[in-house]
Amino acid sequence: MIGGAGSLNPVTANFDGLVGPTHNYAGLSHGNVASLDHAGQESSPRAAVLQGLDKMAAVSRLGLVQGFLPPLARPRLDVLHGLGFSEDSAQRDAPAALLAACFSASSMWTANAATVTASTDSHGGYVQLTAANLSSKLHRSLEGPEMSDLLRRVFRGSAFVHHAPLLAPLADEGAANHTRLRTDAGGLDVFAFGRDLSPSGVRPKRFAARQVREASEAIARRHGVKRALFLRQAPEAIDAGAFHNDVVAVGEGARFLTHGNAYAPGELERLESLTPGVRIAAVGPERLSLEDCVATYLFNSQLLEQDGRYVLLAPIGVQRHEGAKAVVEAWLAEGTIHEVAYFDLHQSMRNGGGPACLRLRVPLADGEVDGAHPGCLWSEARDLQLRAWAQAHYRERLRPEDLRDPALARESHEALDALTQLLELGSDFYPFQRVQQASKTR
C-alpha cells in the first residue's frame, strides 16, 4: 500500500533488536546508572539473546505484529585502524575504552534506532523514519550510518520514506524520547528533550542531557508531522538516571504513564490540554521516588494495546519492589491497564536497557507491514531457528578481557554471516560481507 491510505488508526508493530554476539558490560554510558554499576562484570551473550526472544514470543502470542532488527556488525575494527592501530595490533594495543566502544552491542536497544512517524500523522502520507545520530556517546555515535542502511534494507516497501541521521551537534537519541498518542483529535507525536543549543537555561548537575530540542523539531519538520508537542525533561529526572525519557514515561494509544517529576513544571499540564481521550497516570514522588523509578525501570515497561485492552510487560524487578508493584496494582484496579506480565531481562537490564529499550515502535496502517522484509517478522518457526542459531554461535560467558581475543571477532562475523543466510537478507547485508566479496573479485 502506498501513502497509508488504509486505517485511520494504525497498529503498532514492535521491532526488537536481536542481541549481538559481543554483548558485554563495559560501562560506556555515563548517566545510565545500571550501565555504570555493572561495568566490568561478566555477561552472557547467549542468555541475553534468548531472553529477548522470550519477550518477542510473548508479544506475538498476544496477536500483535512482532518483528526484529539484526544486530549491527561488531567489532568495528575499521575504526581502530583509522586511528592508527594496525590490523595485527588493534585488539591488543587499543585502550580499553576505545576497544569496548568498537565491540559494543548497543544496537540491541532499538528504541534508539530511529524516530518513526505514522503515515496517517504525516502530511506526506508515508511512514517516515530518521535514524538517530546518537552523537552523545562514542560507542553509539558509530551506529547512525549503519542503522540508516539497515532500516532501508528491512523497511524497503514504497510506503516508507527514509531520512539520514541529523548533523551530530543536533544530538538525537531516537524513539526513546518520542511517543505517539491516539487522542480524540487524532494522532499526537510527543517529543521529549533535555536541552537546547542555547548556552543559557537550567541544566542537569550530575549527568548531561542528551536529546536536543532542535533535533526533535527538525525531525518533526522533515517528517511533516501534523500535530507535535515538545516537552522539556526535568533536570532532576536526568540527574536521577533518566538519561532517556522512556526511563520515566511510557505511552501507547490512549494511555500515558509517567512519573510526576519527569518533566519541567507546567509540561504535563500542556500535555493534558492536547490529549482529549487519553488517560494520563502521573505517579507522584510520595508513591515512588525518582530513584526507585530508575532502579526498577517501572516506566521502561512495554505498554501494549490489544483491542482496547492495555497489557504491561514489566521487568521482574518491579514485581520484587514493594512500591513499584503497588503502583502497578493500582493501575490494574483503576482500569488504567488490564493485565501485567513480568519478564526476566537481567542481561539487558544490567546494561541499562529494559523491555521498552529493546523495541522500536513502527505504527503501520493497513497493508504497510507488507513492505517490511518478511525474514525479519517473528513466527514460531523463525523463533526456533533463531534459538538454534544463538546456541550454535554465541558464547555463554564474556568478560571485558575477552574483547582482546582475536577469535571473538571471527566468531561474531561468522554468526552474523549465518544470520543473513537464515533471514534471507543477502550476502552483502553487512560491510564486512561486502569487503569479502570485493576481495574475491580482484
Side-chain angles (χ1 to χ4, degrees), residues 17-29 32 34-53 70-109 137-143 146-147 150 346-353 386-422 427 429-437 439:
L18 279 177
V19 180
T22 62
H23 163 69
N24 70 94
Y25 299 139
L28 297 174
S29 190
N32 182 329
S35 173
L36 298 176
D37 286 348
H38 295 94
Q41 295 185 11
E42 181 180 88
S43 66
S44 175
R46 186 184 302 166
V49 70
L50 294 176
Q51 288 170 6
L53 287 169
L72 295 181
R74 292 295 180 269
R76 286 288 306 275
L77 296 182
D78 61 301
V79 173
L80 297 179
H81 300 159
L83 295 175
F85 294 99
S86 70
E87 291 190 17
D88 295 331
S89 70
Q91 281 183 259
R92 183 186 68 233
D93 296 339
L98 267 181
L99 186 67
C102 293
F103 268 87
S104 174
S106 54
S107 68
M108 62 193 272
W109 297 302
K137 302 295 175 185
L138 171 61
H139 65 296
R140 304 227 62 180
S141 69
L142 303 178
E143 297 176 22
E146 296 173 276
M147 184 58 72
L150 184 152
H346 68 271
Q347 284 293 322
S348 178
M349 289 284 291
R350 288 174 182 172
N351 243 347
L386 289 172
R387 290 176 188 275
W389 165 77
Q391 292 286 356
H393 291 283
Y394 278 51
R395 292 190 180 189
E396 178 61 34
R397 297 179 179 84
L398 192 64
R399 301 164 298 174
E401 55 265 35
D402 293 334
L403 303 187
R404 300 197 183 276
D405 179 6
L408 179 61
R410 292 194 299 270
E411 292 169 13
S412 178
H413 283 182
E414 289 171 0
L416 298 180
D417 192 48
L419 180 65
T420 58
Q421 297 176 44
L422 175 65
S427 58
F429 187 80
Y430 288 114
F432 73 85
Q433 294 175 315
R434 298 193 282 273
V435 170
Q436 291 171 353
Q437 287 185 351
S439 65

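When reading the values below, keep in mind they use all heavy atoms of this one structure, side chains included, and skip hydrogens, waters and symmetry mates. These numbers were taken from a predicted model, which means no experiment stands behind them.
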**OP:** Considering non-hydrogen atoms only, spot the tightest contact between G353 and W109 and give its length.
**Re:** CA-NE1, 3.4 Å
Original post:
Quick one: are L18 and L419 in side-chain contact, heavy atoms under 4.5 Å?
Top reply: yes
Subject >> Closest heavy-atom pair and its distance - S427, Q433 >> reply: O-CB, 3.1 Å
Original post:
Are there more than 12 heavy atoms of other residues, nucleotides or ligands under 6.0 Å from atom CD of E396?
Top reply: yes
Original post:
With respect to R74, which candidate in H23, E146, H139 satisfies the side chain to side chain donor-acceptor pair (under 3.5 Å) definition?
Top reply: E146
**OP:** Kindly compute the distance separating CG (D93) from CG (D88), expressed to the nearest 0.5 Å.
**Re:** 10.0 Å
Original post:
Between R399 and Q41, is there a donor-acceptor pair closer than 3.5 Å when you use the side chain of the first and the backbone of the second?
Top reply: no
**OP:** Classify the ring geometry between Y25 and H38 as parallel (under 30°), tilted (30 to 60°) or perpendicular (over 60°).
**Re:** tilted
**OP:** Could you check S348 against Q51 for side chain to side chain donor-acceptor pair (under 3.5 Å), going step by step and ending with a plain yes or no?
**Re:** CA-CA 9 Å; S348 178; Q51 288 170 6; over 6 Å; no
Original post:
Does R404 reach the main-chain N or O of A94 with its side chain, forming a donor-acceptor pair under 3.5 Å?
Top reply: yes
**OP:** May I ask you to decide if F429's main-chain N or O and T420's side chain share a donor-acceptor pair within less than 3.5 Å?
**Re:** no
**OP:** Provide the closest heavy-atom pair for W389 versus A415 in the form atom of the first, atom of the second, distance.
**Re:** NE1-O, 2.9 Å
Original post:
With side chains defined as the heavy atoms from C-beta onward, is the minimum distance between D402 and F103 less than 4.5 Å?
Top reply: no
**OP:** Would you give the length of the straight line joining atom CE of M349 to atom CG of N351, rounded to the nearest 0.5 angstrom?
**Re:** 11.5 Å
Subject >> Close side-chain approach of F85 to P95, heavy-atom, < 4.5 Å >> reply: yes
Original post:
Backbone N or O of A101 within a donor-acceptor pair of the S104 side chain at under 3.5 Å?
Top reply: no
Original post:
Would L408 and L398 satisfy side-chain contact (heavy atoms from CB on, under 4.5 Å), going step by step from the backbone distance to the final call?
Top reply: CA-CA 10 Å; L408 179 61; L398 192 64; 3.8 Å; yes
**OP:** Working to the nearest 0.5 Å, report the span between CZ of R395 and OG of S44.
**Re:** 12.0 Å
Subject >> Side chain proximity check, L138 to L28, heavy atoms < 4.5 angstrom >> reply: no
**OP:** Work out which heavy atom in N24 is nearest to a heavy atom in S43; give both atom names and the distance.
**Re:** CA-OG, 3.5 Å
**OP:** First locate atom OG1 of T22, then atom OH of Y394, and finally report the distance between them rounded to the nearest 0.5 Å.
**Re:** 8.5 Å
Subject >> Inter-residue atom distance L386.CG - Q391.CD, 0.5 Å rounding >> reply: 12.0 Å
Original post:
Is there side-chain contact between L53 and R387, with at least one heavy-atom pair below 4.5 Å?
Top reply: yes
Original post:
Do the side chains of F432 and P75 get nearer than 4.5 Å, heavy atoms only?
Top reply: no
Original post:
What closest approach, in Å, do A390 and L50 show between heavy atoms, and which atom pair accounts for it?
Top reply: CB-CD2, 4.5 Å
Subject >> Nearest-0.5 Å distance that lies between atom SG in C102 and atom CG in L403 >> reply: 10.5 Å
Original post:
Does one side chain, of E414 or H393, offer a donor that lies under 3.5 Å from an acceptor on the other?
Top reply: no
Subject >> S412 and L416, any side-chain heavy atoms less than 4.5 Å apart >> reply: yes
**OP:** Write down the atom of L77, the atom of A409, and the distance for their closest heavy-atom approach.
**Re:** CD1-CB, 4.4 Å
